[in-house]
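Worksheet: the structure to be examined is printed underneath.
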Amino acid sequence: MKNLIRTAAFLKPYAWQVIATLVMLLTLTGLNLLVPRIIQNVIDDGLLRGDTTYLIRSALLLLGLGLGSALLGMGNRYGSEWVAAHVGYDLRNRMYDHIQYLPFSYHDHAQSGQLISRCIEDVRAIERFAGSSIPELVRFVFLTIGILAVMVSANATLALISLLPMIPLILMTASFGTKIGKLFFAVDMAVGEVSNRLQENVTGVQVVRAFAREQYEIRRFEAANKDVFVKWLHVIDEWAKIMPTTNWLITIGTILILYFGGQMVIDGTLTIGAVVAFNAYLLMMAEPAQALTGLVNAGGEAAAGAQRVFEVLDTEPDIRSKKDALTLSTLRGEVEFRNVSLKYQDEKVSSLSDVNLQVHRNQIVALIGPTGSGKTSLINLIPRFYDVTDGAVLIDRHDVRDVELTSLRRQIGIVLQTSLLFSDTIKANIAYGRPDATDEEIFAAAKAAQAHEFIESFTKGYETIVGERGVTLSGGQRQRVAIARALLMDPRILILDDSLSSVDTQTEKLIQSALDVLMEGRTTFVIAHRLSTVRRADMILVMDKGQIVEHGTHDELLARGGLYKEIHDLQLMQRDGFEEAMIESILTEKPQHENTIIAGRSNSG
Amino acid sequence: MTTKIIPPTFITQSEEQLDKGYDPRVAQGLMGFVKPYYGQMLFALALMVVVTAASVSGPYFVKLAIDEGVNAKDPIALRNIVLVYLLVSIVQLGFNYWRVRIMSRVGQHVLYDVRTTMFAHLQRLSLSFYNRYSVGRVITRVINDVGTLREFVTWAVLAIVRNLLGIVGTLIAMIALNFKLSLLTFAVLPLMVFATIAFRKAARKNYRKVRAAVSWANSILAENVNGVRVVQAFSRQQRNHQTFSGYVNRYFLETSLDAAWVASLFTPVIDVLGALATALVVYIGGTAVLGESITAGVLIAFVLYIDRFFEPIRDLSRRFDTLQSTMAGGERILELLKTPVEVRDEENANEMESITGAVRFGHVSFHYSDDPALVLDQIDLDVKPGETVALVGETGAGKTTIVKLLARFHDPTEGCVLVDGVDLRTVTQQSLRRQMGMVLQDPFLFNGTVKENILFGRLDAKDEEVIAAAKAVGAHDFIINLKNGYDTSVEEGGVTLSVGQRQLISFARALLANPRILILDEATSSVDTQTEHIIQSALATLLKGRTSFVIAHRLSTITNADKIVVIEGGKIVEQGTHTELLTKQGVYYDLYRTGFQE
């Protein structure tokens, strides 16, 4: 409820429209109340007096009222929908923008599907509530007050008697509204379970088939399906109870009016016309009263939606530029970590602890170490995707927390582990960080990233749409587009997060040579598993359990005989084992090829 | 905004596809699911006739009460009429409750049946179906499309009958009361029908646009939320916001306003028509009362009937709309159910006896049903029990197809696959696959605990056996270090396992199943060196003592194999041991020099 009131703040810019809508609604209700009165007069006066002109006048009046209330009804309905649509528009904009600025740490825990449904479905629920439920509620209140006043002033006793069934009706619908919400929630949960079962079954179809588990899966699905069935029945049983009952209560109202009103007419204390009018008023109120059910429902949905919307909007993006943040000019590219520790929210162990590091301008730094040793955590601190828990990250001797974020990130080029492209042309994807780049610049970046050739091989070239609904690129092709995208930024600092893990050997060689160009004259951080990549670095950081356990050049680290050497030997062992077996076999069986093989071996390092 | 915003065509197209007209064949197909419940539906229909009659009689009772009770100044008649009215309304209440209960149960039963039938069918469809159908599409069929069917079954079909009954009943009552006045009311009818149809048309068009707006916004949001790290890394927030508020969201707003405009036009127009009918009845009927050709009660009853006459027409148009929108969904459901099952058990299929694991491919060729190009061409292969076969070749050469034929995910188009000398087509799939294990390239784990995932290999295995399997493949150590050990949940939001860890769990799963024949598609994605080492030794454990087919990417796996089979363009170009093939200096030798090297 509190959240619904908060959404009312979004009405502020449209106060004038809201007032106009309300005025129209009020007038409309007044006109509606006149109709039974006219019919009453027709019956009592027109018919009794035998006055034909009175009949014509009444008929024309009815028609006029009909036209008038039609116009007002139109205005009122459109007005409220207009306001609601604009509130929805504003909310969606706010949400979208807010989500864009929420930090990585938020998105690590958020489920994207949920965020999207908050933006769309929840905002729609609020819209619906504001656009039709609230006007309906207001109309109901206006009508009830008006009808009560008219009826009581005409005949208080009959008014009380005839409105008696409205009390259980309203109580029933209200309790139905609260109950049905929970029941529907149960249905949603059950459907969610069915959908989970299905998703798993389809994703794991090969496993299911391979282990011949079809019957087992069918049984599990049937159980979930049965649950949906049962949960729906609960909903429907409530419906089956309330729908006929409300209709019946209204009929009871008519019966009461007929009986008691009829008696009064016979006694001469009331006119027939008044009885008819009473019945008409009762019917008039019945409709919105029945709609109360839907209203309670919509209110519940909107309140839940509003709560979820505000949950997002109330999350402060804690990574943002300070007010007096320094706007960086072109960086030299020096990076320093000073006693840096990082602990992610909800995690027990620190991902980085007490890391110290000094990187000079244009150095190439390679990071190596087991999964989870903190390599990605370390590089994520440089563009300030996360804030350190302790210590400081400095770029050109400025703490990253003191500089303007955009001016920092614009000078950092990142190629992430999985290279995500957007559903757009290849050109737009490359120009993602610099939408104003010229075609020549884009081509040059693509050429440098070894991507130009395969892009040109598409019929539409750079205008080829990629992504979900376009051409599917292979992992290596995506990777190269992502590299071109980073290169176009002409970054002073380049970060490559394991960019080569998902490509085959041939492509790796292509990309490797692209990267060599890319790294020239920039400070570069590269995470890699393969030693061939690591070897050429100016500095190798060996990480383990959130710490830099060794650092130095390839030769230095080998000489040291630590973890680096261990990893190195493991990798070599795999390859050498193979080569030795091969050399042996060839030496024993076809000695004439000895030279080629040995040459091949020395080439590969 | 002067320029019209137009959403991308893939959005509008998919919305148009959704918008099918009424299709009698689809309706017929769907009615097949309703058939088992015809008896109950007929009964509900009978109840409905009673309910409608009772409901239509309401204004008539009002007329009776006024004419014969009030105007005749007969309190006893009034009391009797009102009592009968009350009785009738109670009957109506009871029957109505009964009817709604029956019908909604029928509806839910039908939906339950449809979902179960679909799921069971999905279990039998071949894997090539899943290559064409994404997970999302399958879920949309079974959840969303069946959801729209609910409208069809529960509401549309019966509501149409109910409304028709209501119209006919009211018609009869009005004509019986006074023919001339009925004609008067009917004069408004064509206008009413015309307005309704025009409105529905406009509303449908708008509704389609609103849906397009929603799916456009959804897809833009999905992309940007999933790619939010890239958005931030490239500082695109401002530009994205301009696109969103200026195009996508603006389109959303405009379509909502268009829809609001049409919607706010409809009710008032109908109300004016209602007012017109009432005015006519008041004037002409009133004059008739004065001329004493009808009673006041008839006039009053008529005013009440007008409302009851128009309401079902409005409702009918709404229902017909729903009916139409269920057509597309219904068609897709039927389409899925009609997808032929490619691999099925023969009627006289035997249970596969316990096998030793000898495998033979005899002149096997294969192509997919929708593509005549041969994927496998005359494959001959003989594997003794316990041998490890490494399949080597480029992507698309046919390695995966070979193992899929062995697991009988497809049947060969020519030749035969024999296990222990038995043609796979003569035995049941279940009995065959129970003796086979499979480890996929991307190890798939189900939502659930680590233990449950290992247990999937053999449901009745004891805890000790699970642990033993995990130990054997070297997974035990990392598992006990997880938050809840073997009971750690691996679902979304649960613990995140690395690729290597997931591989080890899937090894344990396969080991627990203890198959005679093992199919293994080695992962290409790199894992860190230490994990790689564990995986290597786990593989050795896994392959020991069983016939294994390995789509190999690791050098050590290839060199250790008993037989290396080199495949190119769907054919076996070389086979033999590592040494033999190197000596031969053929394709394998070349592959080694260019591809296998680090």
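In what follows, chains are A, B, ... by sequence order, proteins preceding strands, each numbered from 1.
In this structure, B/Arg79 forms no cation-pi arrangement with A/Tyr259, as its terminal cationic atom is not both closer than 6.0 Å to the ring centre and no more than 45° off the ring axis. In this structure, A/Lys226 is positioned above the aromatic face of B/Tyr112, its NZ or CZ under 6.0 Å from the six-membered ring centre and within 45° of the axis.
Ring pair B/Phe456/A/Tyr216 is perpendicular by interplanar angle, where above 60° counts as perpendicular and below 30° as parallel.
With hydrogens and angles left out, the side-chain atoms of B/Asn240 and A/Gln100 include a donor and acceptor closer than 3.5 Å. Of the N and O atoms on the side chains of B/Glu223 and A/Ser423, at least one donor lies less than 3.5 Å from an acceptor on the other residue.
Contact of B/Asn249 with chain A is made through backbone and side chain together, with heavy-atom distances under 4.5 Å. For B/Ile270, no part lies under 4.5 angstrom from a heavy atom of chain A.
Between chain A and the options B/Arg458, B/Arg105, B/Met438, the largest number of non-hydrogen pairs under 4.5 Å is found for B/Arg105. Listed options B/Arg124, B/Gln92, B/Arg509, B/Arg434 were ranked by heavy-atom pairs under 4.5 angstrom with chain A; first place goes to B/Arg509.
Under 4.0 Å is where a charged nitrogen must lie from a carboxylate oxygen, and between B/Arg433 and A/Glu214 at least one such pair does.
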Stepwise side chain to side chain contact (heavy atoms under 4.5 Å, CB included) test for A/Tyr96 and B/Asn224: CA-CA 9 Å; A/Tyr96 181 76; B/Asn224 282 297; 3.2 Å; yes
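Distance alone, capped at 3.5 Å, is enough to place a donor-acceptor pair between the B/Arg236 side chain and the A/Tyr432 backbone.
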